[in-house]
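Beneath this line is the structure, given in structure tokens, with notes to follow.
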Amino acid sequence: MPGFELGTAADQRFNVNLSILFTELPLLERPAAAAAAGFTAVELWWPWIDSPTPEQSELDALKKAIEDVGVQLIGLNFYAGQLPGPDRGALSIPGEESERFRANIDVAADFAASLGCKALNALYGNRVDGVDPAEQDALALENLALAARAADRIGAILLIEALNKPESPLYPLVSAPAAVGIVDKVNEATGLGNARFLMDLYHLSMNGEDLPAVIEQYAAKTGHVQIADNPGRGAPGTGALPLAELLGQLQKAGYEGWVGLEYKPGDRPSAEAFGWLPVEQRAAR
């Protein structure tokens, strides 16, 4: 965008989330579109929202679409219900949804492993009317421990994300401390130490959190970062967030991981939503 300067964040590693960008295209065409835009790394929400256990042929087709264009899958969500849609995960919801999450754990981990993907994101799930929150939290810890062990089996980290209360009013992890608290509980339960915080600067800003303070306090526990501007969840430069400064601060704090572009392209093709990022800085270095 005009006037947006990356500054000290210019050598950051960026990847494109193909579940929010390039969604005007069929799933299997999105990796090629990201590659054509100059990116060499992508991430995905669980693509089969109706099925935690899709046919192997569907998994193979997506794997081929990613490999054929030479992009790296660096992040994948476990099954999370209808996302986008009303759901915010399945793992803390008693009954069928929890079972669907469990059925998905090894499927997602094996698919990630087949592509060398080293980060799996587990969305916590909404509160359910008539269910004791303590019961949901106990189930969540049980399922997150299973997910952490599956991630460890493939040499990956397990990500736990804070969302924002205005857009996800039933989701209990709507602050950095809440999400990091779960990270710590999972690591304590498993002894593996591979649970990490997913720091989404858009969600945290929607919650009114002090972003420089969050970075200072939690950069060391952060396994992945995602960005969008606020207001609007658009590309950097479309809102008021000082994203370049925040990414620069993350680097100074020692964060060396990926920055996922998880924003809406607006009323234009996704390929036109990257003007803020010079082409030579889109390929991973």
Side-chain angles (χ1 to χ4, degrees), residues 13-20 41-47 52 72-81 83 87-92 101 104-113 115-125 140-164 168 171-190 192-204 207 214-215 217-228 250 253-262:
R13 293 190 297 165
F14 295 99
N15 72 276
V16 178
N17 188 307
L18 297 181
S19 297
I20 193 169
V42 299
E43 62 183 73
L44 281 164
W45 302 341
W46 184 248
Q72 174 67 40
L73 181 69
I74 63 92
L76 177 69
N77 283 17
F78 288 107
Y79 169 78
L83 184 77
D87 299 335
R88 297 291 185 271
L91 63 90
S92 67
F101 177 81
N104 174 250
I105 290 175
D106 282 334
V107 176
D110 289 345
F111 181 72
L115 285 161
C117 173
K118 298 296 185 183
L120 290 159
N121 183 25
L123 285 167
Y124 201 80
L141 185 56
E142 200 175 305
N143 282 336
L144 285 167
L146 292 172
R149 293 186 183 103
D152 181 69
R153 171 172 66 79
I154 66 164
I157 59 173
L158 174 72
L159 295 168
I160 296 168
E161 181 175 8
L163 301 183
N164 75 77
S168 303
Y171 192 81
L173 308 184
V174 287
S175 72
V180 172
I182 300 298
V183 168
D184 291 343
K185 285 183 180 178
V186 173
N187 285 333
E188 185 179 348
T190 65
L192 296 172
N194 69 330
R196 308 294 295 276
F197 177 43
L198 196 168
M199 184 186 293
D200 185 312
L201 296 176
Y202 167 75
H203 287 310
L204 298 177
N207 288 326
V214 167
I215 291 168
Q217 192 166 0
Y218 298 123
K221 293 187 176 186
T222 298
H224 188 52
V225 171
Q226 291 171 336
I227 62 169
L250 268 162
Y255 178 73
E256 297 178 343
W258 293 92
V259 175
L261 307 182
E262 196 183 72

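Values in this document were obtained by computation on a predicted structure and should not be read as measured data. Quick note: numbers below take in every heavy atom, side chains included, and nothing from hydrogens, waters or symmetry partners.
Residues Asn77 and Asn121 bring a donor and an acceptor atom of their side chains to less than 3.5 Å of each other.
Taking CG from Asn15 and CD from Glu262, the interatomic distance works out to 9.5 Å, rounded to the nearest 0.5 Å. The structure places NZ of Lys118 at 9.0 Å from CD of Gln72, a figure rounded to the nearest 0.5 Å. Rounding to the nearest 0.5 Å places CG of Leu201 at 7.5 Å from CD1 of Ile227. Between the CG atom in Leu192 and the CG atom in Leu158 there is a gap of 10.0 Å [rounded to 0.5 Å]. Note: Leu159 CG to Asp200 CG = 11.5 Å, rounded to the nearest 0.5 Å. Put simply, OH on Tyr202 and CG on Asn207 are 10.0 Å apart, with the number rounded to the nearest 0.5 Å.
Listed by chain and residue number, Asp184, Phe197, Tyr218, Lys221 satisfy the side chain to side chain contact (heavy atoms under 4.5 Å, CB included) test with Val180 (two or more places apart in sequence, or in another chain). In terms of the side chain to side chain contact (heavy atoms under 4.5 Å, CB included) criterion, residue partners of Ala109 (sequence neighbours excluded) are, by chain and number, Leu120, Ala150, Arg153, Ile154. Every residue two or more places apart in sequence or in another chain that forms a side chain to side chain contact (heavy atoms under 4.5 Å, CB included) with Ser19 is listed here: Asn17, Leu44, Trp45. Checked against ring-ring contact (aromatic ring centres under 6.0 Å, His included), Phe101 has the following partners two or more places apart in sequence or in another chain: Phe78. Under the rule for a side chain to side chain contact (heavy atoms under 4.5 Å, CB included), the partners of Arg88 that lie at least two apart in sequence or sit in another chain are Leu83, Asn126, Leu163, Ser168, Tyr171. In this view, Trp258 satisfies the side-chain hydrogen bond (donor to acceptor under 3.5 Å, both in side chains) rule with no residue, not counting sequence neighbours.
Counting heavy atoms from C-beta on, the side chains of Leu123 and Glu161 come closer than 4.5 Å. Looking only at side-chain heavy atoms (C-beta outward), Met199 and Leu250 come within less than 4.5 Å of each other. Considering only heavy atoms from C-beta on, Arg149 stays 4.5 Å or farther from Ile105 through its side chain. When side chains are defined from C-beta on, Leu73 counts as touching Val42, because their heavy atoms get closer than 4.5 Å.
Nearest heavy atoms, Thr190 versus Ala148: CG2-CB, 4.1 Å. Residues Val183 and Ala195 share a closest heavy-atom pair of CG1-O, 3.2 Å. Here the closest heavy-atom approach between residue Ala108 and residue Leu76 is recorded as O-CD2, 3.7 Å. Nearest heavy atoms, Ala41 versus Ile74: CB-CG2, 4.0 Å. Pairing each heavy atom of Gly75 with each of Cys117, the nearest pair is N-SG, 3.5 Å. Residue Leu204 comes nearest to Ala176 through the heavy atom pair CD2-N, 3.9 Å, listed as atom of the first residue, atom of the second, then distance.
When each of Asn143, Asn194, Leu141 is paired with Val186, the side chain to side chain contact (heavy atoms under 4.5 Å, CB included) condition holds for Leu141 and for no other.
Judged purely by atom type and a 3.5 angstrom limit, Ser92 uses its side chain to pair as donor or acceptor with the backbone of Tyr124.
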Exercise. Could you go step by step and tell me if Trp46 and Val107 meet the side chain to side chain contact (heavy atoms under 4.5 Å, CB included) rule?
Worked result: CA-CA 11 Å; Trp46 184 248; Val107 176; 4.0 Å; yes

